[in-house]
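Step one of this worksheet: look at the structure below.
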Number of protein chains: 2
Amino acid sequence: MRRNLCQPGPRHDALIRLLQTAEVIWEGSRILFSRWALSPSQFNLLNLLKNEPAGMSQTELGRQLVMHKSNVTGLVDRLQKRGLVDRRKTLGDRRAYSVVITEKGRRIIAEILPHYYSATESVMAPISLKRVNDLISDISRIMEHAHQLTHEVKDRK
Amino acid sequence: MRRNLCQPGPRHDALIRLLQTAEVIWEGSRILFSRWALSPSQFNLLNLLKNEPAGMSQTELGRQLVMHKSNVTGLVDRLQKRGLVDRRKTLGDRRAYSVVITEKGRRIIAEILPHYYSATESVMAPISLKRVNDLISDISRIMEHAHQLTHEVKDRK
DNA sequence: CATGTAAAGTTGACATATCAACTATCGATA
DNA sequence: TATCGATAGTTGATATGTCAACTTTACATG
């Protein structure tokens with residue numbers, strides 16, 4: 001028997017801390033963005049769209065933001081109501097919308113970004129650049145592996 | 001002017017990846033726990049209580065699970081309805097409940113834990129033990145710093 | 001061309017999460 | 001002891017998130 005699979009070890013500890021850290025950072029970002037009455041998800045969506053002049057379909061938004069497509073509907077609804085994004089009919093596909101950021105949305109993002117970058121740098125300040133690079137490579141491997149495992153489990157269903 | 005605060009650098013990249021990785025892992029855990037009709041939050045709550053024979057107040061649960069205390073109310077409600085936890089009146093304080101895990105809750109957690117530990121080890125398998133230790137130390141520093149920054153912003157309000 | 005299958009988006013039911021406002025209780029202290 | 005500020009928990013409003021079921025459209029293949 002492989003006892004190591006049934007008891008928490010350092011890898012488990014690392015995973016838990018990773019999740020907790022993400023929660024703390026997410027909570028901090030919620031407080032930061034509340035100055036502009038945006039939720040973290042709303043900011044992420046706008047921030048993603050600012051580099052997409054042609055916009056993006058809601059399904060693609062859901063994929064990139066790691067959320068169910070039905071959630072994108074409401075998110076876009078509320079942002080559209082505030083005039084920060086717009087739904088444009090797609091030429092090639094009459095099922096799909098192209099969600100684009102408006103000028104107003106662009107302005108609010110431009111106003112937030114300096115504070116946002118400043119905050120992210122500040123959070124990560126205690127980590128040396130060498131360590132940051134190790135971190136990126138390790139975390140990327142973990143993400144890839146987690147993704148793969150998740151799909152295996154899903155397909156088995 | 002400090003230009004570096006207004007442009008994304010490697011530290012920003014690391015932060016984003018950390019958050020995305022946490023989302024992917026959280027999603028994977030949701031699929032894992034769905035076999036027992038538990039949400040990740042429900043599992044975390046039960047898992048926390050299994051080592052607390054005296055139980056824990058809802059406020060303390062909220063603190064440890066990084067969630068608002070009003071959310072604990074509903075979470076405990078649903079778990080209590082399924083007979084997995086119980087609210088016990090506290091002797092010393094008539095305002096507070098002590099939330100304890102039931103025998104049924106203990107059984108379900110005992111059944112899940114091997115799969116859970118196996119899954120966490122599997123996710124983190126591509127990382128060497130040395131790197132895991134570095135990861136723990138770096139992430140802990142980040143969490144601590146993020147926590148501190150969040151409180152500063154909160155107090156300024 | 002017809003038909004079946006897949007994909008885009010919406011909807012309704014529900015869990016999860018926040019916040020503000022509320023009740024009840026605790027504790028310190030005047 | 002009376003009072004006042006803090007703490008435990010609930011409630012209602014709302015946002016965020018999942019899922020299953022649905023409509024509409026696209027596309028491949030007979």
Side-chain angles (χ1 to χ4, degrees), chain A residues 19 22-24 26-34 36-45 55-82 84-85 87-99 150 154 157, chain B residues 19 22-24 26-46 55-82 84-85 87-99 150 154 157:
Chain A
L19 291 175
E23 273 185 273
V24 170
W26 187 261
E27 164 72 9
S29 80
R30 216 168 39 67
I31 293 174
L32 174 67
F33 298 135
S34 70
W36 295 273
L38 287 181
S39 69
S41 291
Q42 289 176 332
F43 170 81
N44 287 338
L45 196 154
M56 203 181 282
S57 76
Q58 297 188 184
T59 299
E60 182 58 22
L61 280 170
R63 222 184 328 269
Q64 301 236 8
L65 297 171
V66 197
M67 62 173 64
H68 199 270
K69 61 181 180 167
S70 70
N71 195 31
V72 178
T73 300
L75 212 48
V76 171
D77 280 351
R78 285 180 288 273
L79 288 171
Q80 190 174 27
K81 205 172 293 176
R82 285 176 57 184
L84 302 179
V85 304
R87 280 179 166 99
R88 260 198 333 230
K89 276 293 178 191
T90 297
L91 292 182
D93 190 334
R94 278 184 296 170
R95 295 169 300 178
Y97 291 116
S98 186
V99 182
T150 298
K154 258 187 183 163
K157 278 194 161 179
Chain B
L19 291 174
E23 272 184 272
V24 171
W26 187 261
E27 165 71 8
S29 80
R30 216 170 37 68
I31 293 173
L32 173 68
F33 297 135
S34 70
R35 269 179 61 181
W36 296 272
L38 287 180
S39 69
S41 290
Q42 289 176 332
F43 171 81
N44 286 339
L45 196 153
L46 293 176
M56 204 181 281
S57 77
Q58 298 190 185
T59 299
E60 183 58 22
L61 281 170
R63 223 186 325 269
Q64 301 236 8
L65 298 171
V66 196
M67 65 173 61
H68 199 270
K69 61 182 179 165
S70 70
N71 196 29
V72 178
T73 300
L75 212 49
V76 171
D77 280 351
R78 286 179 288 272
L79 288 171
Q80 189 174 28
K81 204 172 293 177
R82 285 176 58 185
L84 302 179
V85 304
R87 282 180 164 99
R88 261 201 331 232
K89 275 296 181 188
T90 297
L91 291 183
D93 190 334
R94 276 182 298 170
R95 296 169 300 178
Y97 291 116
S98 187
V99 182
T150 299
K154 258 188 182 163
K157 279 194 162 176

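Per chain, numbering begins at 1; letters A, B, ... match sequence-line order.
Distance B/Trp26 CH2 to C/dT16 C1': 10 Å, rounded to the nearest Å. With rounding to whole Å, B/Tyr97 atom OH is found 17 Å from C/dT23 atom P. Rounded to a whole Å, the CE atom of B/Met56 is 14 Å from the P atom of D/dA8. Rounding to whole angstrom units, CG of residue B/Leu45 and P of C/dT16 are separated by 10 Å. Atoms CZ (B/Arg87) and P (D/dA8) sit 15 Å apart, rounded to a whole Å. Straight-line distance from the CD atom of B/Glu23 to the C1' atom of D/dT16: 12 Å, rounded to whole Å. In this structure, A/Lys81 places its NZ atom 11 Å from P of D/dT14, rounding to the nearest Å. The nearest whole Å value for the distance from the CG atom in A/Asp77 to the P atom in D/dT14 is 16 Å.
For the pair B/Ser39 and C/dA15, the criterion of a side-chain N or O lying under 4.0 Å from OP1 or OP2 is not met. When the side-chain nitrogen and oxygen atoms of A/Gln42 are compared with OP1 and OP2 of D/dA15, none of them lie within a distance under 4.0 Å. Taking 4.0 angstrom as the limit, B/Ser70 places none of its side-chain polar atoms (N or O) nearer than this to OP1 or OP2 of C/dC19. The phosphate of C/dT16 (OP1 or OP2) has a side-chain N or O of B/Arg78 nearer than 4.0 angstrom. Considering only side-chain N and O atoms, B/Arg30 lies nowhere under 4.0 angstrom from the phosphate OP1 or OP2 of C/dT16.
Judged by distance alone, the side chain of A/Thr90 and the main-chain N or O of A/Ala96 form a donor-acceptor pair under 3.5 Å.
Listed nucleotides: C/dA17, C/dT11, D/dT11. Nearest to the side chain of A/Thr73: C/dT11.
In this structure, B/Arg94 CZ and B/Lys89 NZ are separated by 9.0 Å, a value rounded to the nearest 0.5 Å. Distance check: B/Gln58 CD to B/Arg95 CZ gives 13.0 Å after rounding to the nearest 0.5 Å.
B/Thr90 comes within 4.0 angstrom of nothing in the nucleic acid, heavy atoms only.
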### Query
In B/S/- notation, 5' to 3', how is nucleotides 22-28 of chain D contacted by protein heavy atoms closer than 4.0 Å?
--BBS--
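You'll find the side chain of B/Asn71 stays beyond 4.5 Å of the side chain of B/Leu65, heavy atoms only. Side-chain contact between B/Ser41 and B/Met67 is present, with at least one heavy-atom pair separated by less than 4.5 Å. The shortest side-chain heavy-atom distance between B/Val76 and B/Leu45 falls under the 4.5 Å cut-off. The side-chain heavy atoms of A/Gln42 and A/Arg82, taken from C-beta on, include a pair separated by under 4.5 Å.
Under the ring-ring contact (aromatic ring centres under 6.0 Å, His included) criterion, B/Trp26 pairs with no residue, sequence neighbours left out.
Of the charged side-chain nitrogens involved, at least one lies within less than 4.0 Å of a carboxylate oxygen, so that A/Arg87 and A/Asp77 count as a salt-bridged pair.
Residue order along DNA chain C, read from the 5' end via each residue's closest nucleotide, puts A/Ser57 first among A/Ser57 and B/Pro40.
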### Message
Run A/Val72 and A/Val99 through side-chain contact (heavy atoms from CB on, under 4.5 Å) and show every step you take.
### Response
CA-CA 10 Å; A/Val72 178; A/Val99 182; 5.9 Å; no
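Only B/Gln58, B/Thr59, listed by number, bring a heavy atom of residues 58-68 of chain B to less than 4.0 angstrom from any atom of DNA chain D.
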